[in-house]
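Worksheet: one structure, shown below.
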Amino acid sequence: MLTLMEHKKKLRAEYNRRRCALSPQEWDRWSTAIRERLEQSPLYRDAGVLAVYVSAKDNEVDTHGIIDHALASGKEVLIPVTTAQAGQMHWSRLYSRSDLVRVRFGLLEPAAGKEARVLPPEDGLCLVPGTAFTATGTRLGYGGGYYDRFLAVFRGISIGLAFEIQIAPELPVTPLDQPVQHVLTESNWYERESGPNSPK
């Protein structure tokens, strides 16, 4: 009988395997579809502040085009920066993707002298990564708890970005796990209260 943590670890491995198995063509086509659906939504258009992860590895939904579009649209773009101290994540304003360099774990973060630390956003729109999601917003993260701690106090709109192959029928949860309000894939827009739908 697997413990809850062992079950989560097994699911992370399975859903990460599914995502890594995508061809470059599938990854690009599906990421483009997600970006276009997001940019057409009122949730994105009306957001003055966009907190967004920088996709960097393992066939994550590509956010580079989203970041470029948000910057060109005059939005304030914030990206997460982790510290050596486990579980600590803060936010830095991003002015250009050219300010990013690859750091530990293959992540992209501001180069030395380019970090512009800001207080965690209280509202706005946050695009959240994950290994898997359910249609009702339950999220399986990467195991560090960074986004769970942030989402617990975030009062804005949270959207998990994922491919349809990352949508699970159900996921194990602990009291610390935080759901997202929406999940956007290449073919569906799921809302926590109502399943597949289009954003209002």
| task | Take Asp28 and Ser31, measure what side chain to side chain donor-acceptor pair (under 3.5 Å) needs, and give me the verdict at the end. | result | CA-CA 5 Å; Asp28 181 68; Ser31 287; over 6 Å; no
| query | Are any non-hydrogen side-chain atoms of Tyr190 and Thr185 less than 4.5 angstrom apart? | reply | yes
| query | Which pair of heavy atoms, one from Val183 and one from Gly137, lies closest together, and at what distance? | reply | CG2-CA, 4.1 Å
| request: Heavy atoms only: give me the nearest Asn59-Cys20 pair and the separation to one decimal. | output: ND2-O, 3.7 Å
| query | Taking a hydrophobic cluster as the set of Ile, Leu, Val, Met, Phe, Trp and Tyr residues connected by side-chain heavy atoms closer than 4.5 Å, whether directly or through intermediates, do Trp189 and Ile66 fall within one such cluster? | reply | yes
| request: Output all residues satisfying salt bridge (Lys or Arg N to Asp or Glu O under 4.0 Å) with Glu115, sequence neighbours left out; order by chain, then residue number. | output: Arg117
| query | How many angstroms lie between atom CD of Glu39 and atom CZ of Arg45, to the nearest 0.5 angstrom? | reply | 11.0 Å
| query | Arg192 side chain to Val180 main-chain N or O, any donor-acceptor pair under 3.5 Å? | reply | no
| note | For Leu50 and Ala70, the nearest pair of non-hydrogen atoms, with its separation, is CD2-CB, 3.7 Å
| note | Taken to the nearest 0.5 Å, the spacing of Leu43 CG from His182 NE2 works out to 5.0 Å
| Do Tyr146 and Pro80 have side-chain heavy atoms sitting under 4.5 Å apart? | no
| query | Taking only residues two or more places apart in sequence, or in another chain, which ones meet Glu60 in a side-chain contact (heavy atoms from CB on, under 4.5 Å)? | reply | Arg19, Tyr53, Ser55, Pro129, Tyr142
| request: Please answer: with hydrophobic residues joined when any side-chain heavy atoms are less than 4.5 Å apart, are Leu151 and Val61 in the same cluster? | output: yes
| How far does CD1 of Ile79 sit from CG of Leu127, to the nearest 0.5 angstrom? | 13.0 Å
| note | Rounded to the nearest 0.5 Å, the CD1 atom of Ile159 sits from the SG atom of Cys126 at a distance of 9.5 Å
| Val52 side chain reached by Val77 side chain, heavy atoms, under 4.5 Å | yes
| field | Path from Trp27 to Leu184 over hydrophobic side-chain contacts below 4.5 Å | value | yes
| task | Nearest 0.5 Å please: distance from the OG atom of Ser41 over to the CG atom of Leu125. | result | 7.5 Å
| request: Check whether any side-chain N or O of Gln166 sits under 3.5 Å from a backbone N or O of Phe163 as a donor-acceptor pair, and report yes or no. | output: yes
| Does Asn16 reach the main-chain N or O of Ala13 with its side chain, forming a donor-acceptor pair under 3.5 Å? | no
| remark: One should read off an interatomic distance between Glu191 CD and Thr136 OG1, to the nearest 0.5 angstrom, of 12.5 Å
| field | Heavy-atom donor-acceptor pair, Asp148 side chain to Gln178 backbone, under 3.5 Å | value | yes
| note | Tested for side-chain contact (heavy atoms from CB on, under 4.5 Å) against Val173, the lone hit among Leu140, Thr138, Thr134, Leu4 is Thr138
| task | Please tell me if the side chains of Lys114 and Val101 come closer than 4.5 Å, counting only heavy atoms from C-beta onward. | result | no
| Listed by chain and number, what are the side-chain contact (heavy atoms from CB on, under 4.5 Å) partners of Arg97, not counting sequence neighbours? | His64, Ile67, Asp68, Leu94, Leu100
| request: Would you indicate whether the side-chain heavy atoms of Tyr147 and Ser158 approach each other to under 4.5 Å? | output: no
| query | What closest approach, in Å, do Tyr44 and Leu38 show between heavy atoms, and which atom pair accounts for it? | reply | CB-O, 3.2 Å
| Restricting to pairs with a member in residues 112-133, which pass ring-ring contact (aromatic ring centres under 6.0 Å, His included), not counting sequence neighbours? | none
| request: Sequence neighbours left out, what passes side-chain contact (heavy atoms from CB on, under 4.5 Å) with Ala116? Give chain and number order. | output: Ser92, Arg93, Tyr95
| request: Indicate the atoms forming the closest heavy-atom contact of Ala168 with Tyr15, along with that distance. | output: CB-OH, 3.1 Å
| query | If you measure from the Lys or Arg side-chain nitrogens to the Asp or Glu carboxylate oxygens, is any gap between Glu6 and Lys10 under 4.0 Å? | reply | no
| What pairs with Lys75 under salt bridge (Lys or Arg N to Asp or Glu O under 4.0 Å), at least two apart in sequence or on another chain? | none
| said: Using modelled atom types and a 3.5 Å cut-off, is there a donor and acceptor pairing between side-chain atoms of Arg35 and backbone atoms of Thr63? | reply: no
| message | Using every non-hydrogen atom in the two residues, find where Pro110 and Val81 come nearest and quote the distance to one decimal. | response | CD-CG2, 3.7 Å
| hydrophobic_cluster_shared for Ile165 and Leu171, side chain cutoff 4.5 Å | no
| Side chains of Leu78 and Pro121: does their closest heavy-atom pair fall under 4.5 Å? | yes
